[in-house]
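Here is the structure we will look at.
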Amino acid sequence: MSVMVVIIYAILAIYEFIPLYKEKKWADFVVNAVLWTSSLIIVLLLCFNVEIPSPQASIRKFIESIFGKQG
């Protein structure tokens, strides 16, 4: 399963990164590379059944600290 994920991500990388590199859009290239790498890491962790903690509690605390306790 993980091999298939890596192959699909490699195909997508070729499709996305080569035009950005040829057009010298370096900011777009870097942002795309960071997002691509982080999503690849998350997908590989899910393939290996690694439990990824949910950010829901942290987001809730952050929003409550801004707006106060609602409801």
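Only a predicted model underlies this, so the values are computations on that prediction, with no experimental measurement involved.
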Linking I/L/V/M/F/W/Y whenever any side-chain heavy atoms sit under 4.5 Å apart, do Leu12 and Leu40 land together? no

Where do Ile14 and Ile18 land on the side-chain contact (heavy atoms from CB on, under 4.5 Å) test, with the steps shown first? CA-CA 6 Å; Ile14 291 169; Ile18 290 177; 3.6 Å; yes

Measuring from Asn32:CG to Thr37:OG1, what's the distance to the nearest 0.5 Å? 9.0 Å

Given side chains that start at C-beta, do those of Leu44 and Val50 come closer than 4.5 Å, heavy atoms only? no

Ile7: which other cluster members, linking ILVMFWY side chains closer than 4.5 Å, directly or transitively? Val3, Ile11

Provide the full list of ring-ring contact (aromatic ring centres under 6.0 Å, His included) pairs with a residue in residues 34-58, sequence neighbours left out, each pair given once. Tyr9-Trp36, Phe17-Trp36

Distance from Leu35 atom CG to Glu16 atom CD, nearest 0.5 Å? 11.0 Å

Same apolar cluster (I L V M F W Y, side chains within < 4.5 Å links), Val43/Met4: no

Ignoring hydrogens and angles, tell me if any N or O in the side chain of Ser65 forms a donor-acceptor pair with the backbone of Phe62 under 3.5 Å. yes

